[in-house]
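This report concerns only the one structure given below.
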Amino acid sequence: MLLALRILAGGLLLAFLGAVFLMLWRDFRAATAAAGEPGHRRGRLVVVGAGTGSAARVGASYALLPLTTLGRAPTNTIVLDDTFCSQEHALVTRRDGQWWLEDRGSSNGTRLNGEPVREPVVLSSGDVIGVGRLELRVELD
């Protein structure tokens with residue numbers, strides 16, 4: 001009797017793990033298909049201005065990911081070597097087919113086209129994001 005219960009428990013565990021794997025596989029395939037669809041716009045940030053003391057090079061380009069973090073900390077997607085940037089300065093995300101910019105409570109604030117960002121705002125191609133002493137132009141494909 002005990003052996004039968006162990007075999008049943010083992011079988012249920014394998015079935016559960018198989019179901020979890022199947023759900024993850026389907027989610028991965030759906031995300032891959034969505035990233036490759038023709039309407040999916042990719043983008044990049046290009047440094048167009050760097051104040052004195054900033055190690056960033058004008059013309060440097062950074063690819064935008066669906067979730068892109070900007071700041072000085074090495075854990076950010078785009079690491080900015082500027083003492084006026086906060087560790088976790090800003091966030092650029094892709095939601096509902098649009099790119100959004102959000103300040104992450106930075107000390108010196110985030111600017112979009114010279115205006116302070118106080119709440120998440122939609123980005124357009126050609127917009128200029130100000131982070132510390134850096135200016136980054138948004139280029140969407």
Side-chain angles (χ1 to χ4, degrees), residues 2-141:
L2 188 59
L3 179 62
L5 287 175
R6 285 184 179 180
I7 292 173
L8 179 63
L12 289 174
L13 179 62
L14 287 175
F16 173 74
L17 291 175
V20 168
F21 177 77
L22 183 62
M23 286 189 306
L24 289 173
W25 179 253
R26 286 182 180 168
D27 188 48
F28 174 75
R29 287 184 43 200
T32 307
E37 69 187 28
H40 181 73
R41 297 181 72 186
R42 290 175 175 74
R44 63 186 181 144
L45 297 177
V46 179
V47 178
V48 293
T52 56
S54 176
R57 178 180 50 84
V58 174
S61 177
Y62 303 98
L64 283 175
L65 300 176
L67 180 67
T68 304
T69 56
L70 306 167
R72 273 193 346 238
T75 55
N76 287 296
T77 310
I78 299 175
V79 178
L80 303 172
D81 190 13
D82 182 350
T83 56
F84 283 75
C85 289
S86 295
Q87 295 290 319
E88 301 287 332
H89 199 100
L91 176 68
V92 178
T93 56
R94 183 159 172 80
R95 293 189 309 252
D96 302 324
Q98 294 180 312
W99 289 98
W100 292 78
L101 172 66
E102 179 181 342
D103 183 67
R104 303 296 284 170
S106 61
S107 304
N108 295 315
T110 303
R111 300 169 311 282
L112 180 62
N113 299 322
E115 297 295 320
V117 174
R118 301 195 196 294
E119 58 187 35
V121 293
V122 176
L123 292 172
S124 300
S125 194
D127 282 345
V128 176
I129 301 171
V131 176
R133 292 179 285 195
L134 297 174
E135 291 187 336
L136 306 157
R137 184 179 63 237
V138 177
E139 294 183 355
L140 303 175
D141 299 334

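Throughout, residue positions are numbered sequentially from 1 according to the sequence presented.
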- Any idea how Phe28 and Trp25 line up, ring-wise: parallel (<30°), tilted (30 to 60°), or perpendicular (>60°)? tilted
- Which of these, Leu14, Val20, Leu12, sits in a side-chain contact (heavy atoms from CB on, under 4.5 Å) with Phe16? Val20
- Item | Ser107 (side chain) donor-acceptor with Ser86 (main chain) under 3.5 angstrom | no
- Leu45 CG to Ile129 CD1 distance, which is reported to the nearest 0.5 Å: 5.0 Å
- Query: Just how far is it from atom CG of Leu112 to atom CZ of Arg118, taken to the nearest 0.5 Å?
  - Reply: 12.5 Å
- Query: What's the spacing between Tyr62 OH and Glu139 CD if we round to 0.5 Å?
  - Reply: 13.5 Å
- Message: Regarding Arg133 and Thr83, do their side chains bring together a donor and an acceptor under 3.5 Å, going by distance alone?
- Response: yes
- Message: Contact between Leu65 and Val92 at the side-chain level, heavy atoms closer than 4.5 Å - yes or no?
- Response: no
- Query: Hey, does the side chain of Thr69 reach the backbone of Thr77 with a donor-acceptor pair shorter than 3.5 angstrom?
  - Reply: yes
- Task: Show your reasoning for whether side chain to side chain contact (heavy atoms under 4.5 Å, CB included) applies to Val131 and Asp82.
- Result: CA-CA 9 Å; Val131 176; Asp82 182 350; over 6 Å; no
- Query: When rounded to the nearest 0.5 angstrom, what is the spacing between CG in Leu22 and CG in Asp27?
  - Reply: 11.5 Å
- Message: By the salt bridge (charged side-chain N to carboxylate O under 4.0 Å, His left out) test, which pairs, at least two apart or in different chains, include something from residues 98-109?
- Response: Glu102-Arg104
- Sidechain-backbone polar pair: Asn76 side chain, Gln87 backbone, donor-acceptor under 3.5 Å: yes
- Query: Side chains of Leu64 and Trp99: closer than 4.5 Å at any heavy-atom pair?
  - Reply: yes
- Message: Using a 3.5 Å distance criterion without hydrogens, assess whether the side chain of Arg72 forms a donor-acceptor pair with backbone atoms of Cys85.
- Response: yes
- Task: Look up atom CG in Leu101 and atom OG1 in Thr68, then write down how far apart they are to the nearest 0.5 Å.
- Result: 11.0 Å
- Note: Val79 and Ala73 closest approach over all heavy atoms is CG2-O, 3.6 Å
- Note on the structure: Value for CG (Leu140) from CD (Gln98), rounded to nearest 0.5 Å, stands at 10.5 Å
- Query: Is a side-chain N or O of Arg111 found less than 3.5 angstrom from the main chain of Gly132, in a donor-acceptor match?
  - Reply: yes
